[in-house]
Amino acid sequence: MFSPPEEDLVHQWESEQDRLRQQVVDVDTEDWQSGPHFSGLDRVGGVDLSFIKGDDVNACAQLVVLSYPELQVLYEDSQMVALTAPYIAGFLAFRETPFLLEALQRLQKNQPELLPQVVFVDGNGLFHYREFGLACHLGVLSGLPCVGVAKNLLQVQGVYKNEEHQSQIAALQRGGDSFPLTAASGKVLGKALRSSDKSSKPVYVSVGHKINLDTAVRLTHSCCRYRVPEPIRQADCRSREYLRTHFPAADTETKE
DNA sequence: GCGACAG
DNA sequence: ATCTTGTCGC
């Protein structure tokens with residue numbers, strides 16, 4: 001009768017994820033996705049949030065739009081926001097999505113011609129406890145194609161970071177090589193991708209919305225100058241720089 | 001108690 | 001997410 005507040009919150013969030021999950025489209029829906037070189041794709045977006053050390057409330061929400069295939073920054077939006085939801089593994093979207101959506105809406109209102117045709121999200125999509133990670137959440141709520149790219153492996157649904165996984169990583173020879181992340185159910189939830197020849201540590205790609213897994217993996221590889229896809233890397237770099245210049249040493253603030 | 005735990 | 005410099009390697 002009196003369950004802990006956080007437990008109630010989690011239950012509420014789980015049902016919300018179950019409801020929204022039915023709206024995920026895990027196949028290609030755009031013309032540019034069919035071609036071998038994504039002809040027709042001109043703009044790719046990237047989103048990220050950066051925090052001030054020791055402050056888990058105030059963050060800089062970042063949206064960038066890059067040209068494709070040049071990967072030059074066409075648009076940048078940095079906005080300080082105050083997060084309300086706590087971070088709970090499996091529910092990252094409830095903490096970050098509202099502010100990423102706001103950034104996309106600002107762009108649609110001010111320069112709709114620059115709206116990205118696909119958005120790279122730092123985090124997972126279908127590769128998730130309940131197959132509805134941040135990339136799916138943002139995709140469904142925005143209606144835009146989204147790709148989830150996580151830098152670390154989430155051990156879910158029977159996918160483990162064991163010796164077998166390590167050997168599969170070792171077998172990735174060149175940038176573009178990948179192997180599937182298969183759930184105990186047999187469903188492929190995502191792929192581990194060697195994003196460049198240089199980086200031996202893979203990134204984990206999964207479908208967010210309106211794109212199929214193999215297209216998502218090919219696209220991710222084509223957007224990588226370094227290990228992390230350029231849209232996400234730029235969003236990360238620029239949001240961190242924003243915090244550096246607007247909140248210099250916010251940690252060692254003079255106190256009496 | 002121990003290990004996991006996207007960002 | 002953030003705490004944190006240099007360092008080993010190509």
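Chain identifiers are assigned alphabetically (A, B, ...) following the order of the sequence lines, protein sequences preceding nucleic acid strands; residue numbering begins at 1 within each chain.
With salt bridges taken as basic N to acidic carboxylate O contacts below 4.0 Å, one links Asp236(A) and Arg240(A). Between Arg238(A) and Asp48(A) there is no salt bridge, since none of the side-chain N atoms of the basic residue sits less than 4.0 Å from a carboxylate O of the acidic one.
Screening residues 88-113 of chain A for salt bridge (charged side-chain N to carboxylate O under 4.0 Å, His left out) gives Asp77(A)-Arg106(A) as the qualifying pairs, with residues at least two apart or on separate chains.
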Next item on the list: Report the secondary structure of DNA chain C in dot-bracket form, marking unpaired bases with a dot and bases paired to a different strand with |, and treating Watson-Crick or G-U pairs with both distances under 3.5 Å as paired.
Entry: ..........
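At least one donor-acceptor pair under 3.5 Å links the side chain of Gln17(A) to the backbone N or O of Gly90(A).
Of the candidate nucleotides dC3(C), dC5(B), dG7(B), dC5(B) has the atom lying nearest to any side-chain atom of Leu154(A). Distance from the side chain of Tyr129(A) is smallest to dC5(B) among dT2(C), dG7(B), dC5(B). For Lys151(A), counting side-chain heavy atoms from C-beta on, the closest listed nucleotide (dG7(B), dT2(C), dC5(B)) is dG7(B). Proximity note for Gln155(A) (side chain, C-beta onward) versus dG7(B), dA4(B), dA6(B): the nearest is dA4(B).
For the pair Phe127(A) CZ and dG7(B) C1', the computed distance is 15 Å after rounding to whole Å. We find that OH of Tyr204(A) is positioned 16 Å from C1' of dG7(B), with the value rounded to whole Å. The interatomic distance linking Asp55(A) (CG) with dG7(B) (C1') rounds to 15 Å, in whole Å. Regarding Asp236(A), its CG atom lies at a distance of 16 Å from the P atom of dA6(B), rounded to whole Å. One can place CZ of Phe99(A) at 18 Å from P of dA1(C), the figure rounded to the nearest angstrom. Put simply, CZ on Arg233(A) is 17 Å from P on dG7(B), counting in whole angstrom units. Atom C1' of nucleotide dA6(B) and atom CZ of Phe91(A) are separated by 13 Å, given to the nearest angstrom. Atom OH of Tyr160(A) is separated from atom C1' of dG3(B) by 13 Å (rounded to the nearest Å).
Residue Asp48(A) is in sugar-phosphate contact alone, with no base atom involved, counting any heavy-atom pair closer than 4.0 Å across all strands shown. Residue contacts shown for Gly90(A) include a base, since a base heavy atom lies under 4.0 Å away.
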Next item on the list: Could you encode protein contacts along nucleotides 5-10 of chain C as a string, one character per nucleotide from 5' to 3', using B for base contact, S for sugar-phosphate-only contact and - for no contact, with a heavy-atom cut-off of under 4.0 Å?
Entry: ------
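For the C1' atoms, the distance linking dT2(C) with dC5(B) amounts to 15 Å, nearest Å.
Atom CG of Asp31(A) is surrounded by 12 or fewer heavy atoms from other residues, nucleotides or ligands within 6.0 Å.
Dashed line: the shortest gap from a side-chain N or O of Arg95(A) to OP1 or OP2 of dA6(B) is not under 4.0 Å. Checking the phosphate oxygens (OP1, OP2) of dA1(C), no side-chain nitrogen or oxygen of Tyr87(A) falls inside 4.0 Å. Residue Asn152(A) has no polar side-chain atom (N or O) positioned under 4.0 Å from OP1 or OP2 of dC5(B).
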Margin query: What verdict does the side-chain contact (heavy atoms from CB on, under 4.5 Å) test give for Gln117(A) and Glu30(A), after you've listed the backbone C-alpha separation in whole Å, the side-chain angles of each residue and the deciding distance to 0.1 Å?
Written below: CA-CA 9 Å; Gln117(A) 292 161 288; Glu30(A) 315 299 304; over 6 Å; no
Next item on the list: Apply the test side chain to side chain donor-acceptor pair (under 3.5 Å) to residues Ser50(A) and Tyr242(A): give CA-CA distance (whole Å), side-chain angles for both, the deciding distance (0.1 Å), then the verdict.
Entry: CA-CA 9 Å; Ser50(A) 287; Tyr242(A) 184 92; over 6 Å; no
Notebook entry, point to check: Are Phe132(A) and Asp18(A) close enough, and set up right, to give a side-chain contact (heavy atoms from CB on, under 4.5 Å), and what steps lead you there?
Noted result: CA-CA 8 Å; Phe132(A) 196 72; Asp18(A) 288 340; over 6 Å; no
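Note on Leu172(A): it does not cluster hydrophobically with Leu213(A), by side-chain heavy-atom contacts below 4.5 Å among ILVMFWY residues. Criterion: ILVMFWY side-chain heavy atoms under 4.5 Å apart, direct or through other members. Under it, Phe247(A) and Leu83(A) are not part of a common hydrophobic cluster.
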